[in-house]
Amino acid sequence: MTATPSAHDGPVRDWLRAAARVAVLTGAGASAESGVPTFRDALTGLWARFRPEDLATEAAFRRDPARVWAWYAERREKLQDVQPNAGHFALAAFAQRHPGRLTLITQNVDGLHQRAGSEGVLCLHGDLFENRWLDLPRDCCRIDDACAGLPPYCDRCGNLVRPGVVWFGEPLPFAALDAAQRAARACEVMLVVGTSGQVQPAGGLATLARQAGARVVVVNPEPTDLDAVAHAILAGPSARLIPELLDF
Ligand code: BV8
């Protein structure tokens with residue numbers, strides 16, 4: 001039984017202490033110890049027969065709005081009583097102790113970084129708790145007056161309400177992605193925390209950082225698609241390792 005590593009092993013903490021700019025890319029694994037199913041695991045139970053790419057798309061929503069809305073409603077419901085974990089809090093506290101030194105980029109839509117106190121989070125995939133119109137809103141479309149339904153809708157023109165997340169096949173918000181790419185190019189160290197690296201262009205930020213000369217550190221209990229670009233891999237849970245790494 002190999003002991004999971006401590007952040008005190010190896011050079012990573014020294015790299016972080018010496019880094020003027022640190023970029024952190026988080027994925028669903030950063031919320032796993034809060035009890036939020038990871039993105040791939042979110043398709044267990046009722047949704048097990050779907051792939052994320054088949055449900056988190058505009059086409060799927062147009063094909064069966066009620067089913068896709070129900071999946072998001074269930075995920076929102078599950079998030080009602082979860083709390084940020086020690087990893088979320090450690091990232092927020094580090095940024096407060098070292099203003100301007102850390103850029104937090106997340107693929108997560110659960111809002112837990114923000115609830116832990118992180119500010120200026122670059123949310124690449126939107127926000128699970130935001131709603132917006134499916135089609136370009138007309139004067140009659142007022143999101144706060146949408147008619148209750150599955151999904152809610154505009155009773156004047158029939159426009160549907162959709163979750164304010166980025167679906168597969170949709171472009172990422174330009175400002176967030178541009179800022180994330182700039183942070184990846186400028187940092188000395190990039191921590192890649194709790195992501196399989198399977199989704200693009202988010203996963204590509206680690207490669208961008210590596211190519212720009214940063215040291216890339218993967219924090220994940222399992223192997224990932226990004227291990228190949230890592231200078232160091234800490235194979236353990238982020239809620240333990242992130243506080244250990246950022247305790248200065
Ligand atoms: C786009 C919101 C173009 C919705 C999500 C190359 C370039 C560009 C695009 C592509 C490309 N190749 C393919 C594409 C298309 C596609 C894509 O990436 N497909 C994949 C399936 C191959 N990308 C897109 O469609 C993107 N759009 O490129 O548009 C464009 C440009 C102009 C005009 C039109 C179009 C949009 C992608 C965004 C999709 N939306 N989320 C929702 O949530 O419902 S992505 C979704 O996946 C979540 O946001 C999630 O965060 C993200 C990534 O998954 P992970 O976070 O990595 O989660 P996962 O479950 O996979 O892994 C969890 C990890 O945690 C595991 O490794 C596990 O070991 C680890 N873990 C578990 N416990 C712990 C832990 N780690 C640490 N501690 C623990 N305790």
Side-chain angles (χ1 to χ4, degrees), residues 4-5 7 24-44 47 50-61 67-76 78-79 82 84-88 90-91 104-113 121-132 162-174 176-178 180-181 191-208 217-227 230 233-245:
T4 55
V24 181
L25 171 67
T26 64
S31 298
E33 288 154 281
S34 296
V36 181
T38 63
F39 194 66
R40 310 277 158 234
D41 296 346
L43 292 161
T44 53
W47 311 103
F50 295 100
R51 292 182 322 142
E53 303 81 83
D54 299 336
L55 220 48
T57 66
E58 180 182 329
F61 184 73
R67 170 179 288 164
V68 176
W69 183 262
W71 182 48
Y72 282 93
E74 182 181 290
R75 288 168 61 194
R76 286 171 173 175
K78 283 186 178 162
L79 274 167
V82 305
N85 61 54
H88 295 112
L91 285 162
L104 180 54
I105 306 157
T106 192
Q107 300 171 84
N108 298 342
V109 295
D110 58 30
L112 290 179
H113 284 304
V121 182
L122 300 178
C123 298
L124 298 181
H125 296 157
D127 178 340
L128 190 61
F129 295 98
E130 287 286 310
N131 280 335
R132 58 185 169 90
R162 56 161 286 180
V165 297
V166 178
W167 278 331
F168 288 98
E170 294 184 327
L172 275 56
F174 173 79
L177 180 58
D178 180 54
Q181 289 168 334
L191 300 180
V192 180
V193 182
T195 180
S196 61
Q198 291 175 21
V199 171
Q200 299 299 337
L205 292 167
T207 308
L208 212 55
V217 180
V218 165
V219 176
N220 196 316
E222 303 295 333
T224 84
D225 289 1
L226 300 176
D227 292 357
I233 295 172
L234 293 176
S238 55
R240 175 171 66 73
L241 289 169
I242 295 299
E244 287 179 1
L245 284 172

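Since this is a predicted model, take the numbers as computed values, not measurements. Just follow the structure's listing: the first ligand is 1, and inside any ligand the first atom is 1.
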> What is the minimum heavy-atom distance between E33 and P237, and which atoms define it?
Replying inline: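 Smallest interatomic distance, heavy atoms only, reads OE2-CB, 3.2 Å.
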
>> Tell me the closest heavy-atom pair linking Q200 and G197, and the distance in Å.
In response: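 Smallest interatomic distance, heavy atoms only, reads NE2-O, 3.6 Å.
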
Residue part near ligand 1, for [X], under 4.0 Å between non-hydrogen atoms:
X: E33; result: side chain
X: A32; result: side chain
X: L128; result: neither
X: Q198; result: backbone
X: V109; result: side chain

> Given the protein's heavy atoms, is any one of them under 4.0 Å from atom 74 (C) of ligand 1?
Replying inline: yes

Identify the closest protein heavy atom to [atom]: which residue and atom is it, and at what distance?
atom: atom 21 (C) of ligand 1; answer: E53 CG, 3.4 Å
atom: atom 32 (C) of ligand 1; answer: P171 CB, 3.7 Å
atom: atom 54 (O) of ligand 1; answer: R40 NH2, 3.8 Å
atom: atom 79 (C) of ligand 1; answer: G29 O, 3.4 Å
atom: atom 48 (C) of ligand 1; answer: F39 CD1, 3.6 Å
atom: atom 64 (C) of ligand 1; answer: G194 O, 3.5 Å
atom: atom 28 (O) of ligand 1; answer: P201 CD, 3.7 Å
atom: atom 78 (N) of ligand 1; answer: S238 N, 3.0 Å

Got [X] and [Y] here, is their nearest side-chain heavy-atom distance under 4.5 Å?
X: T195; Y: T224; value: no
X: N108; Y: H125; value: no
X: R76; Y: P163; value: yes
X: L245; Y: L234; value: yes
X: I105; Y: L124; value: yes
X: V24; Y: I242; value: no
X: W167; Y: V68; value: yes

>> Suppose we screen for side-chain contact (heavy atoms from CB on, under 4.5 Å). Which residues come up paired with R132, at least two apart in sequence or across chains?
In response: R162, E170

Among [options], whose heavy atom sits nearest [atom]?
atom: atom 68 (C) of ligand 1; options: N220, V68, T26, T106; result: N220
atom: atom 49 (O) of ligand 1; options: Q107, Q200, R240; result: Q107
atom: atom 19 (N) of ligand 1; options: Y72, F168, F174; result: F168
atom: atom 38 (C) of ligand 1; options: E222, H125, R75; result: H125
atom: atom 58 (O) of ligand 1; options: G169, A28, C123; result: A28

>> For ligand 1 and V166, I'd like to know whether there is a polar contact (N/O to N/O, distance under 3.5 Å).
In response: yes

> Any N/O of E170 closer than 3.5 Å to an N/O of ligand 1?
Replying inline: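 The answer is yes, given that E170 and ligand 1 share an N or O pair closer than 3.5 Å.
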
Under 4.0 Å to a heavy atom of [X] - the qualifying atoms of ligand 1, by number:
X: T38; value: 60 (O), 63 (C), 72 (C)
X: N108; value: 51 (O)
X: G27; value: 56 (O)
X: S196; value: 57 (O), 59 (P), 61 (O), 62 (O), 64 (C), 67 (O)
X: L172; value: 26 (C), 27 (N), 36 (C)

> Step by step, would you call V199 with F168 a side-chain contact (heavy atoms from CB on, under 4.5 Å)?
Replying inline: CA-CA 9 Å; V199 171; F168 288 98; 4.0 Å; yes

>> Could you walk me through whether L79 and V36 satisfy the side-chain contact (heavy atoms from CB on, under 4.5 Å) test, starting with their C-alpha distance in whole Å, then the side-chain angles of each, then the deciding distance to 0.1 Å, before giving a yes or no?
In response: CA-CA 7 Å; L79 274 167; V36 181; 3.6 Å; yes

>> For D227, give me all partners under salt bridge (charged side-chain N to carboxylate O under 4.0 Å, His left out), at least two apart in sequence or on another chain.
In response: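 Scan of D227 (salt bridge (charged side-chain N to carboxylate O under 4.0 Å, His left out), adjacent residues dropped) gives none.
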
> Once you round to the nearest 0.5 Å, how far does CD of Q198 lie from CG of L226?
Replying inline: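 With rounding to 0.5 Å, CD (Q198) is 9.5 Å from CG (L226).
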
> What class does the angle between the rings of H113 and H88 fall in, given that below 30° is parallel, 30 to 60° is tilted and above 60° is perpendicular?
Replying inline: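 If you compare the ring of H113 with that of H88, the planes turn out perpendicular.
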
